Protein chains: 2
Amino acid sequence: MDYLLIYAHPNPKSFNHAILETLTSRFDKEKRPFQVRDLYKLNFKPSLSSEDFISFSSNTAAADIKQEQNLIEQGKTLIFIYPIWWFGMPAILKGYIDRVLSRNFAYGVNEKGPYGLLSNKKVVIINTTGGPKEHYEEGGLKDILKTTIDVGVFGFCGIKITLHKYFYAVPYIGNESRQNMLKELKAIQID
Amino acid sequence: MDYLLIYAHPNPKSFNHAILETLTSRFDKEKRPFQVRDLYKLNFKPSLSSEDFISFSSNTAAADIKQEQNLIEQGKTLIFIYPIWWFGMPAILKGYIDRVLSRNFAYGVNEKGPYGLLSNKKVVIINTTGGPKEHYEEGGLKDILKTTIDVGVFGFCGIKITLHKYFYAVPYIGNESRQNMLKELKAIQID
């Protein structure tokens with residue numbers, strides 16, 4: 001599988017969904033095998049439980065976690081599509097990270113400290129925001145979206161981000177600008 | 001109500017729970033009225049739904065959101081207790097932020113942009129981490145925990161953080177150090 005798309009937005013009429021459709025149409029045309037994980041449609045359980053913790057140490061993850069881990073193993077490039085809410089991921093996607101990127105799957109720990117286990121993966125991130133670019137760079141926030149996710153999450157798993165694309169102020173820029181964003185995605189270099 | 005404690009850890013034997021117990025015992029002794037919201041025990045729903053979005057614009061939030069908003073209105077100081085997972089909040093708490101700190105409750109938007117609506121609140125944050133302090137300050141991560149949460153979430157609502165306390169490397173420092181951390185909490189200035 002060339003692409004595993006992990007998608008997190010509750011509204012099927014959202015611009016995030018248009019991004020998803022644009023990419024899947026492109027991959028269809030390019031005959032690149034892909035699969036979509038629509039976390040809301042899957043009703044993915046976000047809250048890491050005590051049982052999850054215990055199963056991590058015994059290497060026996062819950063069935064829904066195991067399934068996502070198998071898909072990650074199959075996908076060459078993981079593409080995350082989600083809106084920025086409160087300078088982070090929607091809770092349902094944060095829960096996917098908390099539960100699926102578990103110790104001994106996504107990272108290990110030895111006497112020198114933690115090390116990534118997914119360095120053979122590529123990751124692409126496509127974000128929308130409500131606010132303009134400046135809003136995310138004021139008050140010490142510069143590069144914060146890049147740092148928390150690219151370094152704090154995927155860097156920890158040994159993954160270098162291939163592309164992290166932001167579409168800013170999506171609700172306010174008008175339809176023509178949004179259409180241009182989608183046009184850009186049809187040709188953008190992904191891997 | 002002097003303190004509303006919002007607590008997010010799945011394990012009642014965790015150090016996070018010991019922090020919660022330490023603070024509630026202290027408030028009992030000091031005869032300060034408080035209430036605890038144990039998000040796991042409440043089985044709080046983390047995923048912001050399309051219905052939530054719609055209800056925000058019509059100012060008719062879901063019952064579980066309304067209940068949390070009422071409690072926030074009553075509490076003078078909000079105390080958040082949670083572990084740092086992947087440089088952020090556990091998904092269940094991220095979902096509390098996504099859903100409860102809604103537009104027109106936590107912030108408004110006018111022609112000049114967004115403005116906070118909760119500037120009469122104090123917020124205290126107590127975090128545990130798995131890694132040592134250095135781990136959270138490498139590779140451009142310096143101040144990242146402070147910035148994402150203090151500025152990106154609570155600053156946006158007009159709240160200045162009264163205290164943001166980190167207890168680092170909690171699983172690795174031994175029991176005596178952990179007991180000293182709890183001792184510190186018994187006397188620490190909160191508001």
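Given the structure is predicted, the values throughout are model-derived calculations rather than measurements. Residue numbers start from 1 in every chain, and the chains themselves are labelled A, B, ... in the order their sequence lines are given, proteins ahead of strands.
- The most heavy-atom pairs under 4.5 Å with chain B, out of Ser47(A), Pro132(A), Gly130(A), come from Ser47(A).
- Within a 6.0 Å radius of CD in Glu30(B), other residues, nucleotides and ligands contribute more than 12 heavy atoms.
- Within a 6.0 Å radius of CD in Glu176(A), other residues, nucleotides and ligands contribute 12 heavy atoms or fewer.
- Taking the six-membered ring for Trp and the full ring otherwise, Trp86(B) and Tyr96(A) have centroids separated by 6.0 Å or more.
- With a 4.5 Å cut-off on non-hydrogen atoms, Ile149(A) does not touch chain B at all.
- Only the side chain of Tyr107(A) comes within contact range of chain B, judged by heavy atoms closer than 4.5 Å.
- For an aromatic pair to be called close, the ring centres must be under 6.0 Å apart, and Trp85(B) with Phe156(A) fails this.
- Not a single donor-acceptor pair under 3.5 Å links the side chain of Asp98(A) to the backbone N or O of Pro90(B).
- Under the 4.5 Å side-chain heavy-atom criterion for Ile, Leu, Val, Met, Phe, Trp and Tyr, Phe44(B) and Phe44(A) are members of the same hydrophobic cluster.
- Among Pro12(A), Gly155(A), Ala91(A), Gly88(A), the residue with the largest count of heavy-atom pairs under 4.5 Å with chain B is Ala91(A).
- Cluster annotation: Met181(A) and Tyr136(A) are assigned to distinct hydrophobic clusters (Ile/Leu/Val/Met/Phe/Trp/Tyr, side-chain heavy-atom contacts under 4.5 Å, transitive).
- Tyr166(A) and Val170(A) fall into different hydrophobic clusters, where Ile, Leu, Val, Met, Phe, Trp and Tyr residues are linked whenever their side-chain heavy atoms come under 4.5 Å apart, directly or through other members.
- Neither the backbone nor the side chain of Leu39(B) comes within contact range of chain A; no heavy atom of the residue lies under 4.5 Å from a heavy atom of that chain.
- The choice from Pro114(A), Ala8(A), Gly95(A), Pro46(A) that makes the most heavy-atom pairs within less than 4.5 Å of chain B is Pro46(A).
- Taking hydrophobic clusters as Ile, Leu, Val, Met, Phe, Trp and Tyr residues chained together by side-chain heavy-atom distances below 4.5 Å, Phe80(A) does not share a cluster with Leu163(A).
- Distance check, rounded to the nearest 0.5 Å: NZ of Lys94(B) to CD1 of Ile92(A) gives 12.0 Å.
- Grouping the Ile, Leu, Val, Met, Phe, Trp and Tyr side chains by contacts below 4.5 angstrom, directly or via other members, places Phe87(B) with Ile161(A).
- Contacts of Phe154(B) with chain A are absent, with no heavy-atom separation under 4.5 Å from either backbone or side chain.
- Note that the NE2 atom of His9(B) and the CG atom of Leu48(A) stand 8.5 Å from one another [nearest 0.5 Å].
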